[in-house]
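Just so it is clear: chains get the letters A, B, ... in the order the sequence lines come, proteins before strands, and each one is counted from 1. Just so it is clear, the values below take in all heavy atoms, side chains as well, and ignore hydrogens, waters and symmetry mates.
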Number of protein chains: 4
Amino acid sequence: MQEQAQRMGRPREGRVDTAIAKATLELLGEVGYARLTMDEVASRAGISKATIYRRHPSKQEMVFAVAIHGDELPIPDTGTLRGDLEQLARTIVGHLSGPATKALIGLLGEVDTDPGLADRFVSAFIEPERLGNTAMLEQAVRRGELARLPDMNLFHAMFGGTVLAWTLLARNAPEELPERLATAALAVLRDAELRAGST
Amino acid sequence: MQEQAQRMGRPREGRVDTAIAKATLELLGEVGYARLTMDEVASRAGISKATIYRRHPSKQEMVFAVAIHGDELPIPDTGTLRGDLEQLARTIVGHLSGPATKALIGLLGEVDTDPGLADRFVSAFIEPERLGNTAMLEQAVRRGELARLPDMNLFHAMFGGTVLAWTLLARNAPEELPERLATAALAVLRDAELRAGST
Amino acid sequence: MQEQAQRMGRPREGRVDTAIAKATLELLGEVGYARLTMDEVASRAGISKATIYRRHPSKQEMVFAVAIHGDELPIPDTGTLRGDLEQLARTIVGHLSGPATKALIGLLGEVDTDPGLADRFVSAFIEPERLGNTAMLEQAVRRGELARLPDMNLFHAMFGGTVLAWTLLARNAPEELPERLATAALAVLRDAELRAGST
Amino acid sequence: MQEQAQRMGRPREGRVDTAIAKATLELLGEVGYARLTMDEVASRAGISKATIYRRHPSKQEMVFAVAIHGDELPIPDTGTLRGDLEQLARTIVGHLSGPATKALIGLLGEVDTDPGLADRFVSAFIEPERLGNTAMLEQAVRRGELARLPDMNLFHAMFGGTVLAWTLLARNAPEELPERLATAALAVLRDAELRAGST
DNA sequence: CATTAATCGAGACGGTACGTCTTGTCTTGCA
DNA sequence: TGCAAGACAAGACGTACCGTCTCGATTAATG
């Protein structure tokens, strides 16, 4: 689709993007978003600051591009809904342990600075996850484990939000969550089925 | 409590604390945590920066003290568990609309910078809320609506996390949440009762 | 006269201005105007860049303030016009060997960048020198060595310009100039006397 | 002269040199040496930066080559020494009004950066002018207006230096200089004759 | 009533990161 | 090979913010 983008002049070096991403993720992991500096990213990537700014207009955008990049969570397929729920919880928990989370939280704190960043968040981070959740539950419907899709807005907020609060706010042990969350989610889904059936 | 603190010299002016709080909350609302500057707070409060720093050791601590200040959510008491759950959801949603949220998120992004801030968070924000939740469910137990308390860690993470994700991340309409969340929470609680009873 | 300048807040430290001047002159001497960097000035002066910029709005202005500062050449008074001329030539030659000259030339190259800098030059550098020249020749008139003042514009341009071209452009030996210049200047002055007398 | 330079591949386009010179002189006139950028020169010339750097090793050299290019001032020949002096003054004044002057001053400010630039200056700018001056005065000797050549170092510094100071530093009206300078120069020359004769 | 000790407004200061700009080099593909 | 286009490394510029500091002027409690 974007084939018509004519190449003129020296093409950008792929190595650069890789190096920026590597350095950024490293630093996010080591010192977090607030103390990540562009000079240090450039230094570690072995490139110059100007080269970073040719690709990303600001620190925010760079971190966003590197750390959020529409992750496309893999849709779990364990054979049972309960297994899928546990699997998904595990995946999200895993994600929230990597450097991406520090990026996520740091950027969230600067949403007010850059109008439009909020929308970018929704479309790059929230929306794909929501679609993944939907696909997972549609699978369950096809398997006959669910009669219909529940209120996806609520399900999505509940599932992701619980993981967030459990690990980042309450700082509970991550490995203890998936099983419990799966149980709770199943309860909600079954209850919704009954409620819908009786209406 | 710390009355024994000897007073010598000129006493602090109460007006100052009020002005700091007012200016801080204003700015949090207008530009968010990241773009709130100490100079601007001082300027709006009509005081000097040194005066702020005499009370609060850093920007983080100031915002923390002003915006988080262990709110002691009032324990809802509507007569029914379902009513209480809706009421609580409404209260939390309300809180997350004020400037306190911007403070919360901004500070969260600087947890890596200041070790110990995380603990402060837990003790000033998470723990009181957890206790409130517990009190609310104990009420339901006394009323006979629940046989016993559920896994409070999970309940708390789920309840608060869902509100957070619904309003801040997904940016759904706040007023649509309380009823749905109460339904979901009830489903989880009832399911846990059954599961516990059969064990 | 500027007594009404109310002092509020912490007063500026005199040490800072001294340190800036010292570091700037040192660097002008070592690497010249173009390669003098604000970071290095700050570093050598043991102060921060912000402190420099509080006093001087740009590199240009800083160098200007430090190196040009209306030097008020001392008016020579050797007893004879010829002696005074030689003395003055020696003084100017001496000045053009210090770091101030590198500043002068470097700034001259950036006159186009900052409109108004040209005027500042004239009033801080040219005008005082012209007045000094005038005072010197008035002395000669009082002594009876001259009947009247010559065309001061021409005299000034000739005297200063010759020193400039001799040392900076042609790069001749500085010590050989004063005597020759005094002779030439005397010739011009005497010739002007004759010409004026016969008119 | 260097015709033996092997030509391989595509020959250089003459149009390019013209365009570089045109753009450079334009920019020197508009914004001066310091704010002239290589990118803007390339852009205006409709060529690429690499093409400039294939011809000129640096900004300094480019400006030098374009603006100074050993002008070979035409030796005036009006029939009288006084006429020649006025004529020469007029020529120099004319030169110092064009973009060449901004180049001259700008480059002078970077002499410290590039050792050797000073020598280039002398050989490309000072020396030819000195030779021109000498030729002019030899003409006067042949005509019998002078008995012998004066101290050419001094004469040259005085003549050129006066024009420089008059127009660039003092910023006097250029058209008022030639007649006055001719008179002064004549006075110096005549005085030197007397002095030499009496020795 | 004078002393004392802390407070306050104002703003200078050191440190540090940001994002921009310019120079001179290098790498494509086309002619 | 020459050239247009433009990416790249290096590094200076001027701005912004934080948290500390130094003034001089208050303002109670104490001696």
Side-chain angles (χ1 to χ4, degrees), chain A residues 6-13 15-16 34-40 42-43 46-60, chain B residues 6-13 15-16 34-40 42-43 45-60 62, chain C residues 6-13 15-16 34-40 42-43 45-60, chain D residues 6-13 15-16 34-40 42-43 45-60:
Chain A
Q6 273 302 130
R7 311 288 191 92
M8 299 195 59
R10 175 176 173 177
R12 296 195 175 174
E13 296 179 18
R15 149 187 93 80
V16 166
R35 297 207 298 199
L36 171 152
T37 74
M38 298 305 268
D39 282 283
E40 182 63 15
S43 167
I47 61 176
S48 85
K49 253 202 311 178
T51 300
I52 299 180
Y53 280 102
R54 197 169 299 113
R55 280 146 223 262
H56 310 287
S58 70
K59 176 180 167 179
Q60 288 172 20
Chain B
Q6 267 315 120
R7 315 286 196 84
M8 296 188 63
R10 174 176 175 178
R12 294 191 176 173
E13 297 178 17
R15 146 188 92 80
V16 166
R35 295 209 302 194
L36 171 150
T37 73
M38 298 305 266
D39 283 282
E40 183 63 14
S43 165
I47 61 174
S48 86
K49 264 203 303 178
T51 301
I52 299 180
Y53 280 101
R54 201 169 294 116
R55 279 144 226 262
H56 308 286
S58 70
K59 174 179 170 180
Q60 289 171 16
M62 181 192 73
Chain C
Q6 274 302 131
R7 310 290 192 92
M8 297 193 62
R10 175 175 172 177
R12 295 196 174 172
E13 295 179 20
R15 150 186 93 80
V16 166
R35 296 206 297 199
L36 171 150
T37 74
M38 299 304 266
D39 282 284
E40 182 63 15
S43 166
I47 61 177
S48 85
K49 251 200 315 176
T51 300
I52 299 180
Y53 280 101
R54 199 170 297 114
R55 279 145 224 263
H56 310 287
S58 69
K59 175 180 168 179
Q60 288 172 20
Chain D
Q6 268 314 119
R7 316 286 195 85
M8 297 187 62
R10 177 174 173 177
R12 294 189 177 175
E13 296 178 19
R15 144 187 95 79
V16 166
R35 295 209 302 194
L36 170 151
T37 72
M38 299 304 268
D39 282 285
E40 182 63 16
S43 165
I47 61 175
S48 86
K49 268 204 301 177
T51 302
I52 299 180
Y53 280 101
R54 199 169 297 117
R55 279 145 226 263
H56 309 286
S58 71
K59 174 179 169 180
Q60 289 171 15

Taking atom OG of C:S58 and atom CD1 of C:I52, what is their separation to the nearest 0.5 Å? 11.5 Å

Check whether any side-chain heavy atom of D:M38 sits under 4.5 Å from a side-chain heavy atom of D:Y53, and report yes or no. yes

Sugar-phosphate only, base, or nothing, as touched by A:I52 at under 4.0 Å among non-hydrogen atoms: nothing

If you only use heavy atoms from C-beta on, which nucleotide in F:dA10, F:dC3, F:dG19 is closest to the side chain of B:K49? F:dG19

Closest to the C:S48 side chain, choosing from E:dG15, E:dC18, F:dT22: E:dG15

Mind checking if C:R12 touches a base, just sugar-phosphate, or nothing, with heavy atoms under 4.0 Å? sugar-phosphate

Between atom CZ in B:R35 and atom P in F:dA16, what is the gap in whole Å? 13 Å

B:A50 or A:V16, whichever maps to the more 5' nucleotide of DNA chain F: A:V16

Between F:dC8, E:dA17, F:dG19, spot the one nearest the side chain of A:T51, thanks. F:dC8

Taking atom P of F:dT22 as reference, at what distance in whole Å does atom CD of C:E13 sit? 8 Å

Within the 4.0 Å heavy-atom criterion, would you say D:R55 contacts the bases, only the backbone, or no part of the nucleic acid? sugar-phosphate

Closest listed nucleotide, where the reference is the side chain of D:R15 and the choices are E:dT25, F:dC13, F:dC3: F:dC3

How many whole angstroms separate atom NE2 of B:H56 from atom P of F:dG19? 12 Å

Taking for each residue the nucleotide of DNA chain F with the nearest heavy atom, is it C:D39 or D:R54 whose nucleotide lies nearer the 5' end? D:R54

Could you check which of E:dT20, F:dT20, E:dT7 has an atom nearest any side-chain atom of A:Y53? E:dT20

Gap between atoms CZ and P, on C:R10 and F:dC23 respectively (whole Å): 7 Å

Just how far is it from atom CZ of C:R54 to atom CD1 of C:I47, taken to the nearest 0.5 Å? 9.5 Å

Of the candidates F:dC17, F:dA25, E:dT23, the side chain of D:M38 sits closest to E:dT23

What's C:K59 touching, base or sugar-phosphate or nothing? Going by heavy atoms closer than 4.0 Å. sugar-phosphate

Below 4.5 Å, heavy atoms only, C-beta onward: do C:R12 and C:R55 meet side chain to side chain? yes

Could you give the CE-to-C1' distance, from C:M8 to F:dA25, as a whole number of Å? 9 Å

Under 3.5 Å: donor-acceptor pair, side chain of D:K49, backbone of D:S43: no

If I take atom CD in residue A:Q60 and atom P in nucleotide E:dG19, what distance separates them, rounded to the nearest angstrom? 8 Å

